[in-house]
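The figures that follow rest on heavy atoms only: side chains count, while hydrogens, waters and symmetry mates do not. Naming: A, B, ... by sequence-line order, numbering from 1 per chain.
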2 protein chains.
Amino acid sequence: MTVDSGEKRMRIGELAERAGVSVRSLRYYEEQKLLTSTRSASGQRHYTDDEIERVRFIQRLYAGGLSSRTIAELLPCVDSPSEENSDAALDRMSQERDRLSTHIAELVQARDALDQLMTSARAYRDQLQAASAGV
Amino acid sequence: MTVDSGEKRMRIGELAERAGVSVRSLRYYEEQKLLTSTRSASGQRHYTDDEIERVRFIQRLYAGGLSSRTIAELLPCVDSPSEENSDAALDRMSQERDRLSTHIAELVQARDALDQLMTSARAYRDQLQAASAGV
DNA sequence: CTTGCCCCTGACGTCAATGTCAGGTTTTAG
DNA sequence: CTAAAACCTGACATTGACGTCAGGGGCAAG
């Protein structure tokens with residue numbers, strides 16, 4: 001279904017820029033088996049436009065606090081949503097999903113804590129203001 | 001309003017256990033000016049029960065991705081919600097709040113991405129199962 | 001007093017994702 | 001052709017929040 005005919009094969013610098021990451025990171029992702037590249041005769045990496053999305057996806061998972069190793073375990077089932085790894089991968093994903101949810105809840109708590117702080121800080125400031133404006 | 005009369009002054013080991021962090025972390029927090037302690041004649045740290053909540057609060061902010069430095073900037077206004085730092089602190093908090101919200105949104109996106117993955121993985125698996133069960 | 005446990009400081013180790021530098025090749029622009 | 005820009009590998013540096021170890025006290029119980 002996917003036609004890879006005239007897709008502009010870009011080099012690492014372009015992918016880096018378009019995906020918003022450093023060249024170093026892309027090489028690192030490849031080292032961690034999160035990303036692959038075709039190589040030119042001289043050894044330069046070439047990518048297709050699809051990799052942009054993949055990199056962004058990886059970034060999202062990183063932002064979610066997943067480690068390279070964990071991401072590497074999950075990505076195979078993005079690539080080929082097949083194989084017997086199905087069940088194990090589903091478990092793994094479910095587990096990570098839970099972890100993520102927990103983490104999100106923590107962050108929301110932290111934000112709430114900040115909100116509380118801000119509320120009392122504001123109240124205090126307004127009180128000061130009222131006082132300085134004369135009783 | 002707060003009476004600090006007979007409050008059990010605990011040592012670092014107890015605080016660590018009750019707040020759910022390592023002794024090392026507590027010393028680190030002190031080093032980072034996030035936490036203070038009174039010292040006994042022999043130099044041992046003593047804390048009151050209040051510090052338990054403070055440590056938990058610090059943990060929440062850490063979980064929210066704030067750095068020690070940032071937390072250190074915010075804590076003064078927890079301690080004394082006063083001073084002229086009010087406005088600056090409010091700005092700072094508001095800024096961190098935004099950062100947190102952004103981060104939370106990213107995490108939710110990551111989770112959504114995982115959900116999508118799981119959905120398609122499940123679909124694929126069920127398809128396989130249907131096939132193996134005979135057409 | 002000795003044993004044992006908790007505490008102290010100071011310093012080095014760790015881990016993960018990146019930065020950065022060195023030294024060399026390839027591609028591109030003029 | 002030539003210089004600049006981009007790429008390559010390999011390796012060491014960095015940052016943050018700790019872990020861990022060394023070497024040395026304090027203090028209760030037996």
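- Residue Ser67(A) places none of its side-chain N or O atoms closer than 4.0 Å to OP1 or OP2 of dA16(C).
- Taking atom CE of Met10(B) as the reference point, atom C1' of dC5(C) lies 19 Å away to the nearest angstrom.
- Rounding to whole angstrom units, CG of residue Leu26(B) and P of dC8(C) are separated by 10 Å.
- Contact annotation for Arg39(A): backbone-only contact, meaning every heavy-atom pair under 4.0 Å involves sugar-phosphate atoms and none involves a base.
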* To do: For Thr48(A) and Arg9(A), run side-chain hydrogen bond (donor to acceptor under 3.5 Å, both in side chains): C-alpha distance rounded to whole Å, both residues' side-chain angles, the deciding distance at 0.1 Å, then the answer.
  => CA-CA 5 Å; Thr48(A) 64; Arg9(A) 337 198 109 266; over 6 Å; no
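- Straight-line distance from the CZ atom of Arg27(B) to the C1' atom of dC7(C): 7 Å, rounded to whole Å.
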* In sequence, state the C-alpha distance, the side-chain angles, and the governing distance for Ser37(A) and Glu30(A), and then conclude on side-chain hydrogen bond (donor to acceptor under 3.5 Å, both in side chains). => CA-CA 8 Å; Ser37(A) 58; Glu30(A) 183 167 327; 3.0 Å; yes
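- Closest to the Tyr28(B) side chain, of the nucleotides dC18(D), dA16(C), dC8(C), is dC18(D).
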* Structure fact -> Quick tally for nucleotides 22-30 of chain C: nucleotides whose base has a protein heavy atom under 4.0 Å get B, sugar-phosphate-only ones S, the rest -, giving ----SS---
* When you look at Arg69(B) and Glu73(B), which way does the salt bridge (charged side-chain N to carboxylate O under 4.0 Å, His left out) test go after all the steps? -> CA-CA 6 Å; Arg69(B) 201 172 52 74; Glu73(B) 288 176 36; 2.9 Å; yes
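- Side-chain proximity of Arg45(B) to the nucleotides dC18(D), dA16(C), dT9(C) is greatest for dT9(C).
- Rounded to the nearest 0.5 angstrom, Leu15(B) CG and Glu51(B) CD are separated by 7.0 Å.
- Following rounding to the nearest Å, Glu30(A) (CD) and dC7(D) (P) show an atom-to-atom distance of 14 Å.
- Under the 3.5 Å distance criterion, the side-chain polar atoms of Thr119(B) are matched with a main-chain donor or acceptor of Asp115(B).
- Residue Ser68(B) places at least one side-chain N or O closer than 4.0 Å to OP1 or OP2 of dA17(D).
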* **Derivation and outcome, ring-ring contact (aromatic ring centres under 6.0 Å, His included), residues Tyr29(A) and Tyr62(A)** => CA-CA 11 Å; Tyr29(A) 295 167; Tyr62(A) 268 130; 5.5 Å; yes
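- In this structure, the CG atom of Leu35(A) is 15 Å from the P atom of dA17(C), given to the nearest Å.
- Residue Tyr62(A) contributes atom OH, which lies 10 Å from atom C1' of dT18(C) at whole-angstrom precision.
- Legend: residues meeting side chain to side chain contact (heavy atoms under 4.5 Å, CB included) with Thr102(B), ordered by chain and number and at least two apart, are Glu106(B).
- Contact check, Tyr29(B) against dA17(D): no side-chain N or O comes under 4.0 Å of OP1 or OP2.
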* **Worked verdict on Asp49(B) versus Arg18(B) for salt bridge (charged side-chain N to carboxylate O under 4.0 Å, His left out)** => CA-CA 9 Å; Asp49(B) 287 358; Arg18(B) 293 176 66 184; 3.7 Å; yes
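- Rounded to an integer number of Å, the gap from CD of Gln32(B) to P of dA17(D) is 7 Å.
- Rounded to an integer number of Å, the gap from Ile71(B) CD1 to dG16(D) C1' is 12 Å.
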* To do: With side chain to side chain contact (heavy atoms under 4.5 Å, CB included) as the test, would you mind laying out the steps for His46(A) and Met10(A) before giving the verdict?
  => CA-CA 5 Å; His46(A) 287 288; Met10(A) 57 189 147; over 6 Å; no
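- The stretch residues 13-24 of chain A comes close to DNA chain C through Ser22(A), Arg24(A), each having a heavy atom under 4.0 Å from the strand.
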